[in-house]
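Computed from a prediction, not measured in an experiment: that's the story for all the values here.
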Amino acid sequence: MAQYMITYLGGNQPATPEEGKQHFARYMQWLASLGTAVVSPANPLKGTCVMHPGGDVTEGGETGMSGFTLIEADSMEAAQAMARDCPFLEIGGSLEISELIKMPKPSH
């Protein structure tokens with residue numbers, strides 16, 4: 001079974017703390033509905049910076065990536081079907097789904 005990364009792009013911040021709690025509850029229900037397919041459920045990102053060639057660093061990201069979830073699925077189509085019900089789509093966000101390629105570990 002392959003692993004897929006669901007990357008969260010964009011999305012609108014909740015207008016109120018209550019709206020945020022409701023969205024988080026829907027998100028947790030969605031993750032629970034995926035069962036054992038979830039490898040790494042919720043990985044929000046903060047404090048993003050970009051390192052450029054030459055070593056210069058700028059604050060903020062260039063992609064709008066706000067987090068990711070890792071899942072296992074039999075195919076890209078199965079991964080898309082799992083992502084289709086993600087509540088992140090309800091707040092104006094997009095999901096990028098990528099199959100992870102297994103790479104050998106470097107030898108020491």
Side-chain angles (χ1 to χ4, degrees):
M1 193 171 301
Q3 289 188 352
Y4 294 85
M5 182 170 73
I6 300 172
T7 305
Y8 305 103
L9 301 170
N12 301 311
Q13 293 296 318
T16 65
E18 182 59 33
E19 189 179 292
K21 288 179 187 175
Q22 290 172 358
H23 174 73
F24 185 73
R26 285 193 307 276
Y27 180 73
M28 295 308 286
Q29 287 174 333
W30 170 70
L31 286 171
S33 76
L34 299 179
T36 60
V38 177
V39 175
S40 183
N43 300 282
L45 304 174
K46 72 174 199 172
T48 301
C49 64
V50 177
M51 182 168 289
H52 301 277
D56 290 339
V57 176
T58 56
E59 297 299 316
E62 294 180 351
T63 65
M65 180 178 172
S66 60
F68 65 93
T69 293
L70 297 179
I71 61 171
E72 287 184 333
D74 291 326
S75 66
M76 175 60 85
E77 292 76 18
Q80 291 170 0
M82 289 182 211
R84 192 164 280 118
D85 294 327
C86 179
F88 192 73
L89 298 169
E90 298 170 5
I91 61 167
S94 298
L95 302 174
E96 185 173 281
I97 305 164
S98 307
E99 183 176 353
L100 298 177
I101 304 300
K102 300 273 188 199
M103 297 295 289
K105 291 183 181 182
S107 58
H108 300 323

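In terms of the side-chain contact (heavy atoms from CB on, under 4.5 Å) criterion, Gln13 has no residue partners (sequence neighbours excluded). Residues passing the side-chain contact (heavy atoms from CB on, under 4.5 Å) test with Ala78 are Ala73, Ser75, sequence neighbours excluded.
Connectivity analysis of hydrophobic side chains (ILVMFWY, heavy atoms under 4.5 Å, direct or indirect) links Met1 to nothing; its cluster partners are none.
A continuous path of hydrophobic side-chain contacts links Leu70 to Leu45 [ILVMFWY only; heavy atoms under 4.5 Å]. Note: the hydrophobic cluster containing Phe68 also contains Leu100 (ILVMFWY, side chain heavy atoms under 4.5 Å, direct or indirect links).
Closest non-hydrogen pair, Ala79 versus Ile97, comes out as CB-CG2, 4.0 Å.
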Report, one line per pair, each donor and acceptor closer than 3.5 Å where one atom sits in a side chain of residues 2-12; sequence neighbours left out.
from, atom 1, to, atom 2, distance (Å)
Tyr4, OH, Met76, N, 3.1
Tyr8, OH, Tyr27, OH, 2.8
Tyr8, OH, Thr69, OG1, 2.5
Asn12, ND2, Ile91, O, 3.0

Donor-acceptor contacts, no H, no angles, side chain residues 29-42, under 3.5 Å, sequence neighbours left out:
from, atom 1, to, atom 2, distance (Å)
Trp30, NE1, Met82, O, 3.0
Ser33, OG, Trp30, O, 2.6
Ser40, OG, Asn43, OD1, 3.4
Ser40, OG, Asn43, ND2, 3.0

Let me have the donor-acceptor pairs involving side chains of residues 56-64, under 3.5 Å, with sequence neighbours excluded, atom names and distances please.
from, atom 1, to, atom 2, distance (Å)
Thr58, OG1, His52, NE2, 3.0
Thr63, OG1, Met65, N, 3.2

